[in-house]
Amino acid sequence: MNVAIELLSAALLLVGATFYLAGTVGLLRFPDVYARLHTLTKADNLGLGFIILGLAVQADSLMMACKLLLIWPLVLMASATVSYSIARRADEMGIAPISGDGDSA
Amino acid sequence: MSLIFDTLLVATLLWSAWRSLATSDLVHAVVMFIVFGLLMSLAWARLGAPDIALAEAAIGAGLTGALLLDALRVSNQTAQPGSLAKIPALQRMAVLLISTVLAIGLIIAVLYAPLPSIQLPSMVEANMAQSGVTHTVTAVLLNFRGYDTLLEVAVLLLALLGMLAVAPARPVSVSHVPIDPVLATLARLLVPLMILTACYLLWAGDHRPGGAFQAAAVLAAAGVLLHLAGLLQAWIRPGQLLRLGLSAGFVLFLSLAAILLTEGALLRYPPVWAGALILLIEAGLTLSLSLILAGLFLLLSGRRGVP
Amino acid sequence: MTGLEGPLALFLLLNLLAALIRAARGPTLADRMLAALLFGNTGVGVLLLLAYAGGTLPLNTALVDVALVLALLAAVTGVAFAKRAWGREEEKHERSD
Amino acid sequence: MTLNETLPLTLLTSSLLPGLVIFALPESSISLRTALNLFGALAKLALVGVLLAGVQAGESYGFRYAVLPGIELVLKADALALLFVTLSAVLWLFTTVYAIGYLEGSPHRSRFFGFFSLCVTATTGVAMAGNLFSFFVFYELLTLATYPLVVHRGTAAAMRGGTIYLTYTLIGGALLLTGIVWLYSLIGQSEFTHGGVVSTLGPEYARQLQIIFFLLIAGLGVKAALVPLHGWLPQAMVAPAPVSALLHAVAVVKAGAFGIVRIVYEVYGVEFAQLLNLLTPLAVTATITIIWGSFRALFQDDLKKRLAYSTVSQVSYIVLGVALFGPIGTIGGLVHLVHQGIMKITLFFCAGNYAETLGIHKVSEMNGVGRRMPLSTLAFSIGALGMIGAPLTAGAISKTWLINGATAAGMDWAVWALWISSLLNAAYFLPILWRAWMKPLPATWPHEHILAHKRRETSWLLLLPPLGTASAVLIVGLFADAAWSPLAWAQFIAEREYLQGAP
Amino acid sequence: MTEHLIDPIPWLIVLPLAWAAATFLLGPRRGARLAIAGLGGQLLLALLLAAQLLTEGAQLHAVGGWDAPLGIELVADGLSVVMLLLTQSVTLSLAIYARAYFAQTGQGAAAIWFWPLTGFLLAGMNALLLSADLFNLYVTLELVSLAAVALVAAGGGRAQVTAALHYLLVSLAASGTYLVGVALIYGVYGSVSIATLTPLVQASTSPAIWLAAGLMALGLMAKSALFPFHFWLPPAHGGAPAPVSALLSALVVKAAFYLVLRLTLTVFAPLAEAGADLLGLLGAVAILWGSWQALRATHLKTLVAWSTVAQLGYLFLIFPLLAPDGLALQAGTMQAVAHGLAKAAMFTAVGVLVLSTGRDTLDGLAGVAGRVPLTLFAFALSGVTLMGLPPSGGFLAKWLLIDAALRQGKWGWAALVIIGGLLAAAYVFRVLRQAFLLAPETVRFHSVPRSLEWVAFGLAVASILLGLRGMELIRLLGIEFAP
Amino acid sequence: MIKIVYTDLRHIRSVLWRSVLFTALWWVLVEGRTDGWGMGGISVILSLAASLYLMPPTKVSFSSLGCAVFFSFFLIQSVKGGFQVAIMALRPRLKLAPVIMDLPITLPPGMARVVLANTLSLLPGTLSVRIHGDQLRLHILNRHLPIMQELRATEAAIAHIWKKTP
């Protein structure tokens, strides 16, 4: 396999992993449901996106790459809808967001 | 690296299983169970059993979670909200002890096991040419041991019957679930894709992991999703048509078995026809199994009014 | 193969483990559920990495299919949770704890 | 199947079939039921006649049917079987007539007569059983068929009596079964044979055989009411009078006693039993029972209870006769099997008449009853005198043979016991007779059901049977030397036992 | 294998599956007739199979044309055919009973789902009795258990659902345990075919086979409600509608026992000695404990259900006594058949009594002797079988069992059989005594269809007649499969 | 659903488009194999039918160019959003100023609003909570950021997707 592709792939994978890490840390550190939903819908999805991209570049056929890439929008749609549903439910139940002014923990 | 991965995976599996059992909070238990299902899917993948990983992913992610979460809603209205009776410490210890002994026993048994003297996989390989398919799992499931599968389908149908038998008398009509635009859009986009994927899995079963059960699970999940989005009414009672759908796959399978029986032996396919017959059976099973799996959700759902 | 797939899969698994802490802690039921949802997402990643981490070709593609199915169905549990399981009563109960 | 095979089966069917049909009859079809009952009884009697003639002419009747490999149901009408069959067939006829009169107008008669017929069927089976398996089958069937009769009245007292009856008999049955299966496991299937079948086993089995003998006798002793297994008999008195008659004279206690006869003579063989030292303990038990039963009877005010304890005592005469080594004792025991039946059934019929007609249940209420009911009291007196052993009655014959047998066997203590018992018999029967005939009539009877009109003191269906059996008591006593008498038949059996059994 | 016009083995499985599906499609009204017709056909098939066995010896059917160990083999030997005959004849009677029963009690959930569930149950039973493959046995076991659980649950009330849930949990745990055992065996020997495994295990035992045997036995013991796993049975069997209770008590619990016996005689034969005494001991405790509970029960159906616990104990007594002379095996089979007939008779009779008195308590029975004498007679006759009194199938079983015990000098087991019989008499006569009491003036009885009474009576008479004719059964039983 | 296809010829275009889309998806799923077209045909018909039933063709149709514009906008914003959250999460001290606010939507009701809500959920700093009337309730991680601006930009990108049929 082409070294360049391998390097590219590795880089993409590492970036993806970093996003995952961030997502997890966010999940643990963020103060309330709403904020945690942010990490889920953004960091983790991005992490997955990069990983998929990293794997897709080293796929041995175009179709395989397409199949990998197909997964990402599916996950995106799912997580957007789920986070919307959960946020909406939380709002309906009157769970107020924890509001800070910029540097609260 | 693999060793660390596997050890970690097993540890997490055990831990999530234990949490799921030991927690006094029902929702927590269900969440842990869903986690357990996903980890199980990973474990099957690691064990080189992608067929089961596929089934576990479809069932665990799509159906079991939804069913359990829906059941929580019902149990909330009848039982103490979100709590389980505390298990006495003594019983816990006993369970732990038994499990440990069993685990040690299993380890010893496996460690001292001689190599099997019968090599079934090689026999399967030797007979693949007559099986009508090229994927060994499918050959075993629908040809060599198709009889097991026939009975298993009966078990699934029976599970639904059992559920119907328990379900108390239901209202004549179900209250309409309001359509949520965001959710509905997701369903409208995803469901055709799910159908496509289900067909793909059915097709794939012939030569690689996939098949009727996995396809049916995906279809059933599509049904659940449509229902949750308000696009599909809950089923009030199994009417004539639905009953036909629920049992069609089984009846087809059984009829073929009976026809083949008059020709010789139960489920002995003529090698020329084997591939086509298996595909036919699998298609029927996909339909019925998906209705059965979806029925587990749709026939129970919407009875007590959506919160 | 970059050789990174295996370690990265392990890394993601560790992430999952960390997320379980959130599931254990709560405080709302949704927080617990988030961990499960994270599992859906991360699981897809792990499966894809595993598909590349070793083994022969048919196995690889099979795991891609598993990931695909997982992705397709990822929404169902989350939606079921929001629509069905998470009601007022539990929340009250939880807050009174 | 030849006629000789069919006949024993037909004999069983003659009461079984009417019984089953009666079960299905509605309560209201009285005449059909009566007809069936009488038909069954007469048919049975006729068949018995045929068999008696045949056996005397040297024919052998047998029927066998495999139930399991190595286990057969065997029926055979040999001389000993016919002794018992004849007794039960004759007495059944009387009892049937009596029961029809006794139960007139009471509820659940179909059920009653159904079980009644079943009970006689079982008794016939017990008599004709050709091996221990068959014997046990009918023996337990007898228990089951009598239970509904005992509890027939459905009162709490009846239930209590029934439960006690059942407890004793089922435990007895269990002991018997253990003994039988044990014996089977040692010698396999073997039919009752003169001279016994177990003597082929070597001396190393002696201990086992003794235990088995104990189990068998204990099992049979319950029904034969051997002390200390007799407790159920006085309690079962709650049953209607025809049932008591059946229990005491025709079926239950007789089945026990008859079983002991079979065990001693045709399973162990009397010689072998003597060899194993089994006979003396049996004789001692019988003697104790004889004395104890008579002694207890003395103190019973309840008429039926007094009769019941009398039965306890009298049935052991049979056992004693069997246990006396030697043909004379055997003849005494066997003949008493018949004589006791006729005498005791007379007494119970009469006791039933007193209760049914006048509501008399106690000895103390019997003052002057002889004048109100002279015929019944006459029959009662004949039965009672027979029990005491007065000359010219059946009782005298059996007692004479028993005493001679005891003397011949050198058991003087048994002779003494028989004399003491006879004295006790007199002590508890004579006061009754004196009261009945001599004491003045009371102003009112306890509960008068049936009014006397003209010379008939009570319903003729109740009157004929005791008169018939009472005459029989006299006839078998007077014509004991005739060729057809029970005594002659007992001699016929004893001859075979001691001739063929001799090595 | 000779060619036959029709091979009864697979048809015995296909037929019930077919009518199960058809009754599901058609609904209960037409379903009942269909089911009865199907059951009639099955009985004929079973008789045909028995005839084939008697003339040609044990029969084999390789499903899919694949021989073991690759495929699944169905084997009919004497033991399985005896059980098949029992199953078909009892279920046919119960189906006739159920039709009239549900017509009387109304078309609730129980009536609607009874037919398809029974169809699947019966297919499972037949498949189980014919299977010669450990994994296939697991599937059939699932089919049977799930159908049984659903039948209990269909009873409707809260108590029934709770009982069904307990039953389900025990059943699932038991299946799981069994399956782990099968997996272990497959892992070690590479096959799940009984015929293939038997010589392999004979040749070499490994720790795994011990563990597997233990696990499988544990699972099957739980399914057959052997003490101390009996706790689920009385509420489940005592709470279900009468035809269901009869079906479960007479047949379903026997399925697991049959498997224990089958495995003990084949795959686990080299290990059987070790566990036999334990099985016997548990059976003994079951007899005592079940009888004791039956003696204390205040409700009729509970009493009969506890009697099932006790009677199942008898079945397990045969394990310490299994010997080449075959007496214990004969005793066990005879007991299984006799109890199957008698318990079906007893539950159907109790069903009539409950319908007639309108309640399920023992106290309510006073006076039924005059009201439904035929039913009471049926109850008494089935009681005779349970007590092991002659002339009944139960008696022959008891006789054979005592004989087997005494021949081997095992006095304790013989004594236990005797004591168990006496205890059975105690609880059976508890009911009869109550029934013979005079009814209080206030009691009113409901009329009951005669057909219900006759079915109960017929079953009871069958259990008695078996005691007069055990020859054919023993002859059939002697036909073994020689692979 | 089949009826829709035949009766309303104006929709043939969208039917064709969807057929092409599903066929392409099938081809991707089978990884370019060519031996599955029989099954593929059936699958495409089935999923097409489902899609037509669930989402009947409307007069509005997509613009390919608009889609591309939106997609690129989305990708860039998404990466930005991911980074932003990642940095927020990984920073030693959390710097959050979360708030929930209702903002007016200018897009027409229907699909467009759903896409808006979902896109905002996936984009930095915002999380859609509910659509009610013409208002969109958003949860915002940092209220000091220019939310309104971002909302309008997104709306504009989304608006590109559709074009009115002549």
Side-chain angles (χ1 to χ4, degrees), chain B residues 1-2 4-5 8-9 12 15-16 19 27-28 30-32 34-35 38-39 41-42 45-46 48 50-51 53-54 57-58 61-63 65-70 72-73 76-77 81-83 180 183 186 190 193-194 197 200-201 204 208-210 214 217-218 221 224-225 228-229 301 306-307, chain C residues 6-7 9-10 13-14 16-17 19-20 23-24 26 29 32-40 42-44 46-47 50-51 53-55 58-63 65-94 97:
Chain B
M1 190 58 72
S2 308
I4 303 174
F5 184 89
L8 206 59
L9 184 59
T12 321
W15 189 71
S16 60
R19 289 299 303 163
V27 179
H28 192 188
V30 169
V31 166
M32 278 330 236
I34 295 170
V35 167
L38 289 164
L39 288 170
S41 177
L42 292 183
R46 278 296 301 157
D51 288 270
L54 201 52
L63 286 167
L67 257 178
L68 288 174
L69 290 167
D70 189 51
L72 279 180
R73 174 184 59 100
N76 273 330
Q77 289 163 356
S83 74
D180 179 327
L183 201 47
L186 176 79
L190 274 189
L193 267 179
M194 284 169 149
T197 312
Y200 160 71
L201 288 173
R208 54 188 281 182
Q214 289 84 344
V218 172
V224 172
L225 187 62
L228 288 173
S301 174
V306 179
Chain C
L10 179 60
L13 189 64
L14 284 168
L16 283 180
L17 266 177
L20 280 180
L29 298 182
R32 300 189 196 284
M33 195 60 207
L34 283 183
L37 295 177
L38 181 83
F39 261 61
T42 316
V44 173
V46 176
L47 279 168
L50 284 181
L59 183 115
N60 285 350
T61 48
L63 289 190
D65 284 350
V66 180
L68 180 74
V69 167
L70 206 55
L72 259 181
L73 307 190
V76 176
T77 16
V79 172
F81 171 77
K83 283 269 169 189
R84 293 296 167 85
W86 199 18
R88 273 179 196 82
E89 284 160 72
E90 306 97 287
E91 208 51 48
K92 260 185 241 150
H93 168 74
E94 194 160 272
D97 274 350

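First the proteins, then the strands, lettered A, B, ... as listed; each starts at 1. It should be emphasised that the depicted structure is a prediction, and the values quoted were computed from it without experimental measurement.
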Contact origin within [X] toward chain C - heavy atom pairs under 4.5 Å:
X: B/L201; answer: side chain
X: B/I34; answer: side chain
X: B/V224; answer: side chain
X: B/L39; answer: side chain

Any side-chain heavy atom of [X] sitting closer than 4.5 Å to one from [Y]?
X: B/S41; Y: C/V66; answer: yes
X: C/F81; Y: B/V30; answer: no
X: C/K83; Y: B/L183; answer: yes
X: B/L69; Y: C/M33; answer: yes

Ignoring hydrogens, what is the shortest heavy-atom contact between [X] and [Y]? Give both atom names and the distance.
X: B/L9; Y: C/L13; result: N-CD2, 3.8 Å
X: C/G43; Y: B/L42; result: O-CD2, 4.2 Å
X: C/T77; Y: B/A66; result: CG2-N, 3.8 Å

Distance, nearest 0.5 Å, that separates [atom1] of [X] from [atom2] of [Y]:
X: B/L63; Y: C/L73; atom1: CG; atom2: CG; result: 7.5 Å
X: C/L20; Y: B/W15; atom1: CG; atom2: CH2; result: 5.0 Å
X: B/L38; Y: C/L16; atom1: CG; atom2: CG; result: 9.0 Å

So which of C/L68, C/L70, C/L72 has the biggest tally of heavy-atom pairs under 4.5 Å with chain B?
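Of C/L68, C/L70, C/L72, C/L72 has the most heavy-atom pairs under 4.5 Å with chain B.
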For [X], which atoms come within 4.5 Å of any heavy atom of chain B: side chain, backbone, both, or neither?
X: C/L38; answer: neither
X: C/V69; answer: side chain
X: C/L17; answer: side chain

